[in-house]
Amino acid sequence: MKPILILAIESSCDETSASVISVEEGAERPRFTVLSNRIASQIPLHTVYGGVVPEIASRAHAEAVSSLTYEALAEAKISVSDLDAVGVTAYPGLIGALLVGVNFAKSLAFANNIPLIPVCHVYGHIAANYVTHDDLQPPFLALVASGGHTSIIHVKSHTDFETIGRTRDDAIGEAFDKVARVMGMPYPGGAEMDRIAYEGDASSLKLPSAAIADETLDFSFSGIKTAVINHLNTLSLKRLPYNRADIAASFSGAVVSSVVKKLDLALKRTGETKLVIAGGVAANSHIRSALTDYCQKHTNVKLFLPDRALCGDNGAMIAVQAYFEYKAGVRADTTLNARATM
Ligand code: KG4
Ligand code: ZN
């Protein structure tokens, strides 16, 4: 059978991406091959400001989206007329940034008579796991942890999701980045915090938990972030030195144990036996190893970790989720609009 070819565009934050995937529809489950996954990172443009500047992001997406798309098609060795569907991130994200991708995808799809599939960015992050793990099938529990989102999601089918826990304030990646920034690391500092935490002493600074202390599955990362920043400000006022690795290790230890605590509660509450993580922060090696340990102790739970290359924002994950939405009959018409929220 001829494979299904899907192009997807991602532009919700600070990475423009265009990807082509090929889907072989086997008797049991589809198999995904990423034919191209072009990513134009805007990080150098935002680093000087210490975070994403929405207007700069929108302009950079507008500059990159067209050439990136044609590069993705060329790398996949196909042309627009070969496509079965065009997927696009329609929500949530920075509205001006999303509109660039949505309007580009609309023009491409409707001018060429190709079905257009709107995709939720957060569900796209989860879908990255289907590329890494051929055998992963819903239902399962997913933690989506990124610079903009932190949610525990009960994935009931490929297109049926229930968010059962979320952050009430900052996202987990945002907290990593802000602590890193106060310690003078360039934006985004999450990966660097991950690295230096190995050299520090996690018991050097006692921090509040990010797991809200009752039966809820919600998190709060602002308290722990503020505790670290206040501590650093006090030291700086007193002109006292600190060890960045100790701070990174303490912060990372507190975050990781909060995440494990709420995932343990969510697994018990839902009775699910598969645990998936997704999003930029799913690349964090301390979270990966803590969950690996958890699943070694709780042998009824199987852990699925996405390829690190597919953790951050990319078009391939959007294309995979677009495939499932396409099969479920989802189609956008010319009225498709982007939206900032879930
Ligand atoms: O998924 P993503 O690319 O964008 C959003 O949808 O937000 O996630 C980016 C976030 C940033 O906050 C970045 O610092 C964080 O993921 N990140 C990490 C690591 N790698 C990326 N945080 C902690 N440890 C890492 N290894
Ligand atoms: Zn993302």
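Order of appearance sets the numbers: ligands from 1, and atoms from 1 within every ligand. Values below: every heavy atom of this structure, side chains too, minus hydrogens, waters and symmetry copies. Residues take their numbers from the sequence shown, with the count starting at 1.
Here the protein heavy atom with the shortest distance to atom 22 (N) of ligand 1 is Gly190 CA, 3.5 Å. In this structure, atom 3 (O) of ligand 1 lies nearest to the protein heavy atom Asp313 N, 3.1 Å. Shortest contact from atom 15 (C) of ligand 1 to any protein heavy atom: Val281 CG2, 3.9 Å. Looking only at heavy atoms of the protein, atom 24 (N) of ligand 1 is closest to Asn284 ND2, 2.9 Å. The shortest contact between atom 13 (C) of ligand 1 and any protein heavy atom is with Asp177 OD1, 3.8 Å. Nearest protein heavy-atom neighbour of atom 10 (C) of ligand 1: Gly147 N, 3.4 Å. Looking only at heavy atoms of the protein, atom 17 (N) of ligand 1 is closest to Gly280 O, 3.7 Å.
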| request: Might you work through the side chain to side chain contact (heavy atoms under 4.5 Å, CB included) test for Ser285 and Tyr198, ending with a clear yes or no? | output: CA-CA 10 Å; Ser285 57; Tyr198 282 103; 2.7 Å; yes
| task | Evaluate the criterion salt bridge (Lys or Arg N to Asp or Glu O under 4.0 Å) for residue pair Arg29 and Glu25; output intermediate values, then yes/no. | result | CA-CA 6 Å; Arg29 57 179 77 101; Glu25 298 189 292; over 6 Å; no
| said: Applying side chain to side chain contact (heavy atoms under 4.5 Å, CB included) to Phe161 and Val122, what does each step give before you reach the verdict? | reply: CA-CA 10 Å; Phe161 304 85; Val122 172; over 6 Å; no
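In this structure, Asp14 contributes its side chain and Ile43 its backbone to no donor-acceptor pair below 3.5 Å.
Aromatic pair Phe140/His154: centroids not less than 6.0 angstrom apart. Separation of the Phe32 and Tyr323 ring centroids falls under the 6.0 Å cut-off. For Phe251 and Phe176, the gap between ring centers is short of 6.0 Å.
The pair Asp264-Lys268 counts as a salt bridge, with a side-chain nitrogen and a carboxylate oxygen less than 4.0 angstrom apart. A salt bridge between Glu215 and Arg269 is present, with a side-chain N of the basic residue lying under 4.0 Å from a carboxylate O of the acidic one.
The angle subtended at the Zn ion (ligand 2) by NE2 of His121 and NE2 of His125 is 100°, given to the nearest 10°.
Counting non-hydrogen atoms of neighbouring residues, nucleotides and ligands closer than 6.0 angstrom, the CD atom of Glu162 exceeds 12 such neighbours.
Applying the 4.0 Å criterion to heavy atoms of Ala283 picks out, from ligand 1, the atoms 26 (N). Atoms of ligand 1 lying under 4.0 Å from any heavy atom of His121, numbered from 1 in the order shown and given with element: 6 (O). If you number the atoms of ligand 1 from 1 as listed, the ones under 4.0 Å from a heavy atom of Gly173 come out as 12 (O). Atom numbering of ligand 1 starts at 1 in the shown order; those under 4.0 Å from a heavy atom of Gly312 are 3 (O). Of all the atoms in ligand 1, the ones that sit under 4.0 Å from a non-hydrogen atom of His125 are 1 (O), 6 (O). For ligand 1, the atoms lying closer than 4.0 Å to a non-hydrogen atom of Pro188 are 14 (O).
Under 4.0 Å from ligand 1, not a single heavy atom of Met193 appears. Contacts of Asp194 with ligand 1, taken as heavy-atom pairs under 4.0 Å, involve the side chain alone.
The atom of Asp313 nearest to the Zn ion (ligand 2) is OD1, with the search restricted to N, O or S atoms.
Here's the thing with Gly148: one of its N/O atoms is less than 3.5 angstrom from an N/O atom of ligand 1.
A side chain to side chain contact (heavy atoms under 4.5 Å, CB included) with Leu5 is found for exactly one of Ile21, Asp82, Leu73, Val23, namely Asp82.
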